[in-house]
Structure formats: structure tokens, C-alpha cells
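Working notes, beginning with the structure itself.
Atom set for the values below is all heavy atoms of this structure, side chains included, hydrogens, waters and symmetry mates excluded.
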Amino acid sequence: GAMASLRVLVVGDVNGEVGKLYKRVASVMKKSGAFDMLLVSGSFFSAEGGADETWMSFTRGDAKVPIPTYILGPVTELQLPKYKVASRGGDIVENITFLGQQGVYVMPSGLKLAYLSGTYNPATHDLEDQPEPRPGYAKADVESLVGFASRPSYSGVDVLLTARFPAGVAGNAAPPSDLTAARSNCVGSAAAAQALRPRYHFAGGTSAFYERAPYSNLLPGMPPRNATRFFGLAAVGNAAKEKWIYAFNLEPMSTMDPATLLTPPPGLTPSPYTHGRVPPPPPHAAPQGSFFFGHQGGAPPKGGGERKRRRVDNGPREPSGPCWFCLGGPEVEKHLVTAIGKTVYVALAKGGLTSDHVLVLPIKHVPSSLALDPETRAELTQYKEALRRFFTQQGKACVMWERNMRSQHLQLQVCPIPQEAAAAAEGIFRERGEAMGPNFKWEVLAAGTPLTEVFEGGGDPPYFLLTLPDGTELLHRISSGFPLQFARCVPSAFFNFAFCSQYVSWERLTSVATFVSSVLQGRPGITQAARCAGEG
């Protein structure tokens, strides 16, 4: 059925006025209840890269950010140091997430958030291989988004965030009162908006609030499409008292009734970008994994469950907030659980890469494979084998991975792939690693090597452990700049997964329902396979 709407707050440029921002957010939430997220279009820090005392208190950990906040990248060189901790996207302090240079981020709710960081700078726009993040986006960034939207399976995004007004946005509509913003030369934002056809597009970089009349994305001879509403939001706490915060309810398009989604709103105008069709993507714009597909297996813990950076400790971490994966905890989504053993359980991945992508998790709180006791390790290994056999019976191979970084409960991801893709798996992941830069290294672990032997120093170092279809284990020791969604950034064809068109509400995927029922009724499914493993 239809999903509850998400309550979303959006603001324009913050310019380092972090205290004013969250003071206002707190008063809005006090008056009208909690919101699910805060999106920032425009610049989060001041042009000089500064921010106020509230920001300092967040970085010291003296104060908590009260709402999950998503921000764009730098718009000036001086802001770059603030993004060092997560240059390719990630939390820059707990609960403030830098989205990345460009991409589409799919939230656990199914909400699809597209983003293009930076401004149009003609001097650097055409340069290749620029470091990330960059204050001026590159042509390749825009081509990547356009290429993504040009796939036959593309079905749209809910929100697009850009730092500046798209060039020409006021065409076919009443102009904004800030004429500088109206004359924006931000061609990348316009190309992204034209190609992605977001339901909502928000931009900063304006001194006055602007709400454009909704415009049509229809092209002659094409199927019906959703309309777009564009908003330009003024700067936080601006002296002119121009509107800088916008609150709205949004049901993700992935769970909406298509008829509702496609109903034209009143006052619809033609598109401002009527330069004909969206150009086809240039050949080199194949997605290089800059699309960050949402958190694997559920929302990140809100209660400060993220790991503190560079913390060294011995012994397993206790969850510092509610853990979404402790089976006895109130947070776990029981309807996703398909099999429960003595010490581990299997659950469907929420927002999985395929309809039968599953997680194997310890029942008790175990932060990573390094902290497993012998009994749990043995049962986890049995489940891995059982799943491999189960997928083999279905004519599929599978890849498995564990990311021990900013996750507080061990999640072994198990994702089936077409049998014919199995031989290519190692090459694809190695290529994906190389794309991360020259310092990225894979180590091949000797068969049966326990991780505790690999990391002899103890503690809880961050790593990404990949098990290929033939059982080979590849280990990457994570340093900085590792994208949370690394595994989801490999080419989608590998998972035989028509990306966006599959993001219908997963309850509607009959294959999932069949999968769960076959498992629960003990047909030759996972439970039975696990039982064989138990007997064997």
C-alpha cells in the first residue's frame, strides 16, 4: 500500500550560520513535530570556509546535530578543507552528510535524491581528472547525470539539489526578483534538471525566494511524465527576511500510485529547457559509480551510532544508540527476517540490489567479523555455504561483502548475480577499486585465513571484505575517502538490475514475496539449505 509521506525541510545557502539554521529548525519542529531530514541547497560554509561556534561544538562532539542533514560540496577553494574527512561523500560530522560531487542517493525510504555540487566555472569546466570535491563542477559530472537519466530503465528522481539556479529556469514563467540569480549561467544545473526531470528542484545562490510555476517534462511522442516544481531559497537568516526555509511532505515516487504522480498540477507551463530532446550521453559517460545507492539494509542509526573517526579501542563496541540490527531490539524490521538460526539470522536487504539480495547478521550485537566468537563464526560460515548452494540451485552465482566502516552491527551482504557474470566479478571489483585512485589496494587472503590474523594489531580497523563467487576473498584496508556504497557502484548490469524502474515499493515485488514464503514454508529455500548445512 501507499507509504507514509516523509516530512522534509529544505534551506538555501547557510554560509556558516549553523547556529541560526538549527535554532530555526528546532523552533519549526517544536511547533509542528519532527521532520525526517534537512536538505541544504547552496553553500553550507561561508565563502572563506568558515562556520560559527555551533559548528565548532558539533565537530568537538559537545552538541548533536538534531536532524539528518544532507549538504552539497564546496563552491569556493577555501571551503575544501572542511570536506577532507569525506572527499567522495560521507558524514563530515555525525548527522551532516556530504552527498558527493554528483549522483543519485537512494534513501532507505526509497526517496531518490539527485545532486550536483559546485558552480559553473568556464575556466575549469572542460578539464578532466580534477580532484574531488571541486568547487566548479566538471563537464564529466554533468554528463554522468545525463547518462544516468538516458538509460531506458530510468524512471525519475524525487528531488534535485544544485548550488545555483539553472540557466534559463525562468523561461516561460514569471521572472525571479533577484535578477542576478535569474541570469545564472549555470548550464550544468539546467542540463541535469532537463535530463533528470525531478519532481522538486531546489537551488541556493539567491538573495530572494523564488517559486517558479510548475513546468511540464513532456516530450512529443513520449509517455506521460511527472511535472517539476523549482524553488530558489534565500540565505539563512538574511537581513531582508526573504524566505529561506521550505517545509513539505513528500511521498517517494517509488511507492506512489503512478496516476497521482503523473496528474498535471494546476498552472502548468511548458519546460524552460525547450531546446529539444535530452542529448544522448557521450560514450565515456558510463556511470563510474558516482551514484550512491542508499544505506544498505536500513537507515543509519540516529542515536549517534556512527563510529567516531580514528578511534582506537579494544574489545567489541557497544551500540551507542538504538541498533537497527540487534534481533531483540525494537528497531529491527521483523517482517524482513526470513530465517533465524542459533546465533545468526537472515533478512531481506531493504532496498536490495536484486529482489533476493539478503543480509546475514549476528543475533547479538557484534560490530564486525573481528569480534565474532567461534560459535557465531561457524554458523555464519554455514549460512554462507547454504546461501551459495541455494543460489546455485536457482542457476545463479553470488558475491558477498562486509564493510566495517561507519556501521555498528556486522552485516554480511549476499547478492546473487547471473551465473554468466561470475567469471567477470573479480575484474569488475578490481576495476572499481582502481577507479578510486592509485592508492587503492586489494589483498587476496589465503583460503581460510581468519581476519584476526590479518589484523594482528587488534582494535577495530575499517575494512571492506569481498567474497567472490568462487570463494576467493579480497580485502581492502579502508583509509579516507571510501564511499559507503562502494559495492553498489559497480555497473548495474552486473547485478542484472534495471536500476530505477525496479525501485517500485519492494513489497510489490512478487519475487520477494515468493522468496520469503518459500523460505518460511521450508520449500527448497534458505531455511532448508541452512538445515542441510547444519546437518552437514
Side-chain angles (χ1 to χ4, degrees), residues 61 64 85-86 90-91 93-95 97 108 294-333 336-337 340-347 349-350 358-384 400-414 443 445 449-467 473-480 482-487:
K64 290 245 186 249
V85 289
D91 285 13
V93 297
E94 191 180 306
N95 244 2
T97 303
H295 287 276
Q296 294 155 356
K302 296 229 172 30
E306 303 284 308
R307 172 166 327 147
K308 294 283 177 284
R309 277 191 189 77
R310 292 185 290 279
R311 181 177 119 186
V312 178
D313 62 9
N314 297 306
R317 299 187 304 280
E318 279 307 305
S320 48
C323 178
W324 294 78
F325 301 109
C326 287
L327 193 54
E331 310 287 334
V332 76
E333 301 199 47
L336 296 175
V337 174
I340 302 177
K342 274 198 201 111
T343 60
V344 301
Y345 71 99
V346 179
K350 193 174 172 186
V358 293
L359 310 178
V360 186
L361 310 108
I363 291 171
K364 291 205 174 88
H365 187 79
V366 179
S368 77
S369 287
L370 290 167
L372 286 171
D373 61 63
E375 187 191 3
T376 312
R377 185 187 306 281
E379 194 177 20
L380 188 77
T381 307
Q382 286 177 339
Y383 268 80
K384 281 168 78 168
M400 306 183 189
W401 65 91
E402 178 201 351
R403 183 195 78 232
N404 184 32
M405 171 183 115
R406 305 234 308 276
S407 56
Q408 57 165 4
H409 192 114
L410 192 170
Q411 300 168 53
L412 177 72
Q413 307 268 345
V414 182
E443 295 167 41
L445 301 189
T449 314
L451 269 185
T452 42
E453 274 179 33
V454 182
F455 294 106
E456 286 169 343
D460 189 30
Y463 61 82
F464 183 90
L465 181 64
L466 171 72
T467 309
E473 290 190 310
L474 297 181
L475 173 73
H476 169 63
R477 297 171 195 253
I478 293 176
S479 53
S480 62
F482 184 82
L484 283 178
Q485 288 77 10
F486 179 83

- Under 3.5 Å: donor-acceptor pair, side chain of N404, backbone of F464: no

- Measure the spacing between OG1 of T449 and CD of E473 and express it to the nearest 0.5 Å. 7.5 Å

- Message: Go through it in stages, so that I can follow the logic: the residues are V346 and L359, the test is side-chain contact (heavy atoms from CB on, under 4.5 Å), and I'd like the CA-CA distance, side-chain angles, deciding distance and then a yes or no.
- Response: CA-CA 6 Å; V346 179; L359 310 178; over 6 Å; no

- Report the C-alpha distance between L475 and F455 in whole Å, list the side-chain angles of each, state the deciding distance to 0.1 Å, and finish with yes or no for side-chain contact (heavy atoms from CB on, under 4.5 Å). CA-CA 11 Å; L475 173 73; F455 294 106; 4.0 Å; yes

- About how many Å separate CG of D91 and OG1 of T97, when rounded to the nearest 0.5 Å? 4.0 Å

- Task: Could you verify whether a donor N or O on one side chain and an acceptor N or O on the other, from E402 and S368, lie under 3.5 Å apart?
- Result: no

- With the threshold set at 4.0 Å, does a side-chain nitrogen-carboxylate oxygen contact exist between E94 and K64? yes

- Task: Return yes if some donor-acceptor pair links the side-chain N/O of H409 with the main-chain N/O of P362 below 3.5 Å, else return no.
- Result: yes

- Item | Rounded distance (nearest 0.5 Å) linking atom CG of L474 with atom CH2 of W401 | 13.5 Å

- Task: Kindly compute the distance separating CG (L451) from CG (L445), expressed to the nearest 0.5 Å.
- Result: 6.5 Å

- Measuring from L466:CG to M400:CE, what's the distance to the nearest 0.5 Å? 10.5 Å

- Can you list the steps and then say if L361 with L412 is a side-chain contact (heavy atoms from CB on, under 4.5 Å)? CA-CA 6 Å; L361 310 108; L412 177 72; over 6 Å; no

- Straight-line distance of Y463 OH to R477 CZ, nearest 0.5 Å: 11.5 Å

- Go through the steps to decide whether L372 and L380 satisfy the test side-chain contact (heavy atoms from CB on, under 4.5 Å), and finish with yes or no. CA-CA 9 Å; L372 286 171; L380 188 77; 3.9 Å; yes

- Query: So, for I340 and V337, which heavy atoms are closest and what is the spacing to 0.1 Å?
  - Reply: CG1-CG1, 3.7 Å

- Task: Using the side-chain hydrogen bond (donor to acceptor under 3.5 Å, both in side chains) rule, take T343 and E379 through it: C-alpha gap first, then chi angles, then the decisive distance, then the call.
- Result: CA-CA 7 Å; T343 60; E379 194 177 20; 2.6 Å; yes

- Find out whether T467 and K384 are in side-chain contact, i.e. whether some heavy atom of one side chain is under 4.5 Å from a heavy atom of the other. yes

- Please tell me if the side chains of P461 and L370 come closer than 4.5 Å, counting only heavy atoms from C-beta onward. yes

